[in-house]
Each structure stands twice: as structure tokens, then as C-alpha cells.
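Working notes, structure below.
Just so it is clear: chains get the letters A, B, ... in the order the sequence lines come, proteins before strands, and each one is counted from 1. In this text the structure is predicted, and so the values were computed from the model without any measurement.
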Protein chains: 2
Amino acid sequence: MSVTVTLMHVAREAGVSPSTVSRILNGTANVTPDKRERVEAVIQRLNFTPNVQAQALANGRSFSVGVLTQNISSPFYGETLAGIERGLEGSLYYPLVVSGHWQAEQEQQALDLLMRRRVDAMIVLGGVIEDEALQQVAERVPLVAVGRNVLGLTERCVLIDNREGIRQVVRHLAELGHREVAYISGLETQQDAVERREGFEEAMRELGLPLRPTLMRRGDYTEASGEQEASDLLRSGVPFSALVCANDQMALGARLALYRRGMRVPEDVSLTGFDDLFSSRYTTPPLTTVHQAVNELGQQAAETVLSLLAGDLPHMTPYVPRLIVRESTGPVPHPLTAGGLLMHDSS
Amino acid sequence: MSVTVTLMHVAREAGVSPSTVSRILNGTANVTPDKRERVEAVIQRLNFTPNVQAQALANGRSFSVGVLTQNISSPFYGETLAGIERGLEGSLYYPLVVSGHWQAEQEQQALDLLMRRRVDAMIVLGGVIEDEALQQVAERVPLVAVGRNVLGLTERCVLIDNREGIRQVVRHLAELGHREVAYISGLETQQDAVERREGFEEAMRELGLPLRPTLMRRGDYTEASGEQEASDLLRSGVPFSALVCANDQMALGARLALYRRGMRVPEDVSLTGFDDLFSSRYTTPPLTTVHQAVNELGQQAAETVLSLLAGDLPHMTPYVPRLIVRESTGPVPHPLTAGGLLMHDSS
DNA sequence: CTGTTAGCGCCTTCAC
DNA sequence: GTGAAGGCGCTAACAG
């Protein structure tokens with residue numbers, strides 16, 4: 001394609017030295033107005049844009065921050081990325097994102113790729129890679145983790161109180177009179193899935209509700225697994241009046257399973273999620289869930305990185321999720337075993 | 001942070017010249033086995049990774065392809081990005097993505113940013129920026145557009161036959177006996193929204209169905225607008241037995257409006273979308289929609305860019321979308337005006 | 001204020 | 001096969 005025009009070209013064309021052009025570009029020093037004008041005109045005319053690679057090399061900074069995400073197309077991480085994008089906006093920094101797909105090996109490759117690109121900082125979203133690998137990265141550049149605690153870097157982690165989130169859900173259901181509560185867990189190789197399940201169990205105990213192994217299922221955070229586990233649950237015949245899912249996506253899948261069985265939400269079964277994805281406001285009925293402000297978390301991570309880069313030592317405030325009661329939860333159907341559940345179950 | 005180790009360090013440590021190390025790194029020439037071993041050992045020990053910025057500068061290529069997307073968190077573009085990521089996998093290239101948010105100005109800034117980063121190629125997803133700006137970019141690097149026709153670059157555009165997609169929807173509804181069909185259009189600053197609406201109108205005419213201005217609404221592709229327009233439609237009292245939405249997100253919003261009015265889908269109203277987002281498989285009921293294989297489109301775009309970069313002249317095959325009939329469409333309720341619709345409408 | 005001089009880290013001729 | 005030298009495009013002292 002056409003030859004790329006360099007700062008050198010501009011300098012020659014404007015009859016000044018390269019450094020002058022550079023100074024104008026970066027506002028590094030004062031330049032006589034007429035020279036400035038001349039140079040700027042040439043820049044316009046030649047459509048010159050500085051080569052970031054070269055700037056990076058000369059500056060020793062790439063002006064980019066690496067983002068290790070897991071699945072770029074997941075609604076959850078998508079919103080986090082949007083938040084990061086927003087948080088970085090206006091700064092000179094730009095996010096380089098790579099997906100790790102929840103596979104330690106791929107995550108390691110992603111980190112390597114980003115380090116080769118000499119990112120100035122790193123943001124890590126979840127993942128299953130060992131803490132050690134992240135600590136190693138953290139030795140070279142400032143690192144902030146979201147939704148994951150990294151040993152020795154806790155003060156650089158934007159954490160969510162998963163236990164508290166689920167607890168709010170259980171409390172809400174208890175207040176509505178539910179006792180037989182089923183639970184579909186997420187992929188327990190992920191920290192948050194474990195925390196949520198444990199939080200559920202703790203809350204049930206605290207509130208004096210029965211914790212039945214037969215009502216505890218294990219999904220993998222996907223819609224498909226939510227559907228699968230929910231329909232297993234229904235087929236099993238063990239009665240329950242509420243179904244708590246470890247995330248919104250599984251709740252969506254579970255919703256479909258209930259629909260297929262002709263079970264109404266919330267008349268027959270109350271259903272809850274976790275994350276408050278944007279689309280959960282539009283499920284039928286709108287989903288009661290735990291709000292995470294994923295977007296804000298991303299933004300906060302970005303801002304933290306920026307201040308780290310600026311040499312400050314920001315301190316993270318742990319994020320407290322909050323229950324959003326919408327329409328997928330309601331009072332227990334009267335005689336549980338005879339009414340709501342079993343009646344429809346046999347229809 | 002710790003000093004970054006360079007190729008120079010490796011060379012010294014291994015007792016060879018920098019060029020030798022470079023050759024080993026790139027397999028550019030043969031090197032004596034023992035030197036190779038020595039160097040590789042040092043690379044390991046020092047944990048050396050080449051600086052991509054420097055390589056880029058020396059090579060004149062950055063090994064990155066720019067991606068101009070609109071909204072990184074939208075499920076639609078998210079899936080496209082995942083496809084691009086997949087398509088680029090295994091190549092040396094890496095995607096740099098920036099969002100334009102459907103604003104010409106921001107899109108232009110995004111393009112500038114990417115050109116400054118000296119991307120070797122560009123993939124454009126939708127957008128409202130003028131063709132001219134894209135042509136200008138295309139003069140400097142290979143460019144591929146997805147879901148958008150760019151004047152003079154048509155053979156570099158991965159296009160979707162939107163008219164045909166909507167036509168299939170209308171035909172399907174006609175076969176089910178629907179005559180009074182409402183339509184919610186997308187943001188008509190976008191080409192595809194116009195094509196879909198026009199396709200709808202054409203198909204209605206062809207099939208001899210009435211085209212009522214009062215049943216034509218204009219949304220903006222968001223869930224909120226779908227809800228808004230659908231509820232307006234219901235409030236207006238004009239009877240209809242089917243509602244066609246220009247995308248899945250608006251269909252989701254419309255679904256909620258119908259739910260609020262106590263209208264059943266598909267018993268009272270048939271509902272359709274367009275795009276076949278992953279989550280549309282899990283709406284209640286699962287949504288009849290037009291499949292776009294967004295993921296594959298992204299992948300195809302990436303592969304095209306790669307072969308362009310390799311010097312080939314690939315040829316794009318226009319993409320024909322296909323109707324996916326799920327459960328949100330059904331036969332017309334018996335006497336339309338008396339039965340299904342108005343009865344519920346007045347409840 | 002501004003031009004000259006060195007690099008930043010790597011690759012690539014060019015000789016040996 | 002391998003080292004030396006020059007350059008990619010830009011910035012940052014250093015002298016004027």
C-alpha cells in the first residue's frame with residue numbers, strides 16, 4: 001500500500017528538525033507559533049499519525065494495558081470489558097484483550113502474548129490459572145484482578161462478596177416462606193462458584209432451612225447446564241418451591257426447563273440468579289437476582305490500574321453486591337407437596 | 001519494576017552475537033546446534049521474550065489487525081469478536097479492538113487510534129461512519145467489512161441478505177395464517193435496519209398481506225425500545241396476531257411488554273426476531289428468528305484478512321441467513337379481532 | 001527556542 | 001555459519 005509518512009517527512013517538509021515536530025506532537029516544550037503552524041499544516045496535509053510502536057520503543061512504555069478475560073462473547077465478561085474501556089477512556093492507555101477460555105494453558109499463553117507486547121499493566125478477569133503465574137506477572141507490571149483473589153496480591157483484587165450475595169437471596173426466599181430450596185452451583189473450579197455454594201449452605205443453616213443433598217446440583221455456569229440440572233431436578237420428583245442458581249445464565253436455562261414442564265414462575269416455583277446481566281431485566285418474568293455492577297467493577301479496575309501507573313497506591317473497597325427483587329420470586333404455593341409443585345409436575 | 005531483559009542480554013550471556021540470537025528466534029538461518037542450545041538455555045533462564053514493539057518497528061509490520069466494533073458488550077458483536085479471535089488463532093496476528101458506539105466521530109477516532117498503532121489490516125463491524133473514511137483506510141491497509149456494504153469495496157464485504165431473511169419470516173407467518181402483522185424496525189441510520197424493513201414491506205406485498213402504517217413502528221435495536229414500541233402497539237388497540245422485530249434484542253423487550261399485558265406467546269401473538277443470538281434459544285418460549293451465524297461471519301472476516309495479508313485475493317460468498325422456527329410462532333388465534341387479541345387486550 | 005546526537009530492541013544485509 | 005553495521009520511527013538529553 002502507500003508509503004507511510006513519518007515524523008522525518010513532516011520535519012523536512014516543514015523545514016524544521018524532527019525534534020521540533022516531536023515537541024509539538026507531545027507538547028514537551030514551547031515552539032514558536034509560526035513553526036508550530038507550519039508543522040501542523042504539514043501534518044494535516046500529509047495525514048501524518050505518529051507510529052505508536054516507535055513511541056513505545058523510545059519511551060519504554062507501550063501505553064497499553066493487557067486484559068486477560070475468559071470469554072469475549074460472554075455477556076458477563078462483555079460488560080466488564082465495556083467498563084474497562086470506559087475506565088481507560090481519556091487516558092493515553094488502551095486495552096489489549098485476550099481470552100483464556102477458562103483453561104490454564106490458554107491463560108498462560110495469553111499472559112505471554114501480552115507480556116511480549118510489553119503491556120504497561122495487566123487486568124485479570126477470573127480464570128483458573130495458578131496464583132503463582134499471576135504473581136510472576138505482577139513482579140513486572142502493576143496487576144489488578146477482578147472477581148478473584150490472588151495470594152499475596154489481595155489488595156490489588158476487586159473482590160465481590162459472593163457469600164453475602166447469596167445470603168441475601170436465601171433470606172429473601174425465607175421471608176417469602178420458602179423452605180425447600182434447590183440450588184444449582186457453578187463450575188467449582190472457579191472460586192466464586194465455591195463461595196456462592198458455601199454461602200448458600202451457610203445461609204440455609206443459619207435460617208434453619210433444610211439442606212437436602214438431593215436438591216443440590218452442579219452446573220457449569222452455562223444456560224445449557226442450567227436447563228439440564230433443572231430438568232433433572234424436576235424429574236427426580238423431590239419437591240421444592242424455589243430454585244437458586246449460581247448465575248443468571250443458568251437461571252435462564254432453568255427457566256426453560258420449568259417452562260417445558262408447564263411450571264409457572266413464580267406461582268409454582270420461585271427462581272433466582274446471580275450477576276444481574278443486562279438481559280435479566282427482560283426475561284419472562286424479569287429475574288430476581290444479585291446485582292454485581294460488572295460494568296462498574298471493570299471501570300474500577302481500569303481506574304485502579306491508571307493510578308497504579310501514575311505511581312499512587314490506591315486501595316480497593318470490597319464490593320458488596322445487592323439483591324434486586326424482580327418478578328421471578330413470590331410466596332410459596334400453599335400446600336407445597338400437594339399444590340403448586342406436585343400438581344403441575346404430574347400434568 | 002524489574003529490568004526487562006533484551007535480546008542483547010541473551011547474546012552476551014550466551015557468548016554470541018545478537019544476530020545469532022535473532023536468527024534462532026525466527027529460524028531465519030541455520031545455527032550450530034551447540035550455540036542454539038546455549039542460547040535457548042539462556043532464554044529460558046532469563047525468561048526472555050522478544051519485544052513485539054521492536055520487532056514491529058524493524059519488520060515494518062505490527063502483526064495486529066484492527067477491529068472496529070460498535071459495542072463490545074453487545075451479545076451480537078461479542079459473538080462476532082469471538083469468531084474473529086478464532087479466525088486469527090494460530091496466525092501470528094492479533095486483534096486490537098475498539099468500540100465506535102454507533103457514533104461517526106467515535107468511529108473515526110477509533111480508526112485513527114488503530115492506524116496509529118499501525119495495524120496491518122482492518123476489520124469493520126457495522127457502524128455509521130461514511131464510506132469515504134473507510135475507503136481512506138483501505139488505501140493504506142487491507143480492509144474487510146462485516147454486515148455493511150462499503151462503496152467501492154463491495155468485494156471486501158461480508159454481507160448478509162437481510163431482505164431474504166425477513167422474507168422467510170413473513171412467509172412463515174403467512175403459512176400459519178397470519179395477516180395482521182406488526183413490525184418494529186431497528187435504528188434506520190444503519191443499513192441493515194433499512195434493508196430489513198424494506199424486505200418486510202416487500203414480502204408483505206408479495207404475499208398479498210395488508211401493510212398498515214399503524215402497525216409499523218421504529219425502535220433502535222435495544223431491548224428497551226422493543227418493549228416501548230410493543231407496548232405502544234398494544235395500547236393503540238389496532239389488532240395484530242404477529243409481531244416481527246428487526247432483531248432479537250427488541251423481540252426480547254417486546255416479549256416483556258406482551259407478558260405485562262397478559263398476552264401469551266404464541267397462543268395470542270406470534271413473535272419473531274432476527275440474529276439468533278445465543279440466548280434466544282432460552283427465551284420463554286424459545287424464539288423463532290433468523291440465524292446469522294455471527295460467529296462464523298467473524299471467523300470468515302478474519303480468514304479473509306489473513307489471506308489478503310498473505311497476498312491472495314479471496315472472494316467472499318454472500319451469506320444467506322436462514323429461518324429458525326422455534327416456539328414463539330404458531331397459528332393465528334381463531335377470530336382474530338374477537339378472540340385472541342382483543343379479548344386479552346381488554347383484560 | 002531549536003538542531004544535533006544517541007539510543008530504545010530488534011532485524012537484515014554484507015562481508016568474512 | 002556468524003559477527004558488524006545500519007536502520008525502523010520516535011524521544012530525550014545536550015549543546016547552542
Checklist entry - Is the distance from OP1 or OP2 of D:dC10 to the nearest side-chain N or O of A:Q55 less than 4.0 Å? => result no
Next on the checklist: Between A:E107 (side chain only) and A:I129 (backbone N and O only), is there a donor and an acceptor less than 3.5 Å apart?
Outcome noted: yes
Checklist entry - When the distance from CZ of B:R61 to P of C:dC10 is rounded to whole Å, what number comes out? => result 17 Å
Next on the checklist: Which is more 5' along DNA chain D, the nucleotide nearest B:G15 or the one nearest B:A54? Just name the residue.
Outcome noted: B:G15
Next on the checklist: Does B:S19 contact D:dA4 through a side-chain donor or acceptor facing the base, at a distance under 3.5 Å?
Outcome noted: yes
Checklist outcome for this item: A:P50 has its side chain closest, among C:dC10, D:dC8, D:dC10, to D:dC10
Item to check | Exam field: side chain B:D120 to backbone B:S62, donor-acceptor pair closer than 3.5 Å | outcome: yes
Checklist outcome for this item: Of D:dG3, C:dC1, C:dC11, the nucleotide closest to the side chain of B:N26 is C:dC11
Checklist entry - Does B:K35 have a side-chain nitrogen or oxygen under 4.0 Å from the phosphate oxygens OP1 or OP2 of D:dG1? => result no
Checklist outcome for this item: From CG of A:L57 across to C1' of D:dG7 the rounded distance in Å is 12 Å
Checklist entry - Is the shortest side-chain N/O distance from A:S22 to OP1 or OP2 of D:dA12 below 4.0 Å? => result no
Checklist outcome for this item: Those residues at least two apart in sequence (or on a different chain) that pass side-chain contact (heavy atoms from CB on, under 4.5 Å) with B:A104 are B:V128, B:E130
Checklist outcome for this item: Residues passing the salt bridge (charged side-chain N to carboxylate O under 4.0 Å, His left out) test with A:E303, sequence neighbours excluded, are none
Next on the checklist: Side chain of B:N30, heavy atoms from C-beta onward: which of D:dA12, D:dG9, D:dG1 has the nearest atom to it?
Outcome noted: D:dG1
Checklist entry - Do any side-chain nitrogens or oxygens of B:T32 fall under 4.0 Å of OP1 or OP2 in D:dT2? => result yes
Checklist entry - If only side-chain N and O atoms of B:N59 are considered, is one of them under 4.0 Å from the OP1 or OP2 phosphate oxygen of C:dT12? => result yes
Next on the checklist: I want to check one thing: is the phosphate of D:dT2, taken as OP1 and OP2, less than 4.0 Å away from some side-chain N or O of B:S17?
Outcome noted: no
Next on the checklist: Heavy atoms from C-beta onward define the side chain here; which of C:dT12, C:dC11, D:dC8 lies closest to that of B:T28?
Outcome noted: C:dT12
Checklist entry - Between the base of C:dG3 and the side chain of A:R23, is there a donor-acceptor distance below 3.5 Å? => result yes
Item to check | Earlier contact from the 5' end, DNA chain C, for A:A29 and B:N51 | outcome: A:A29
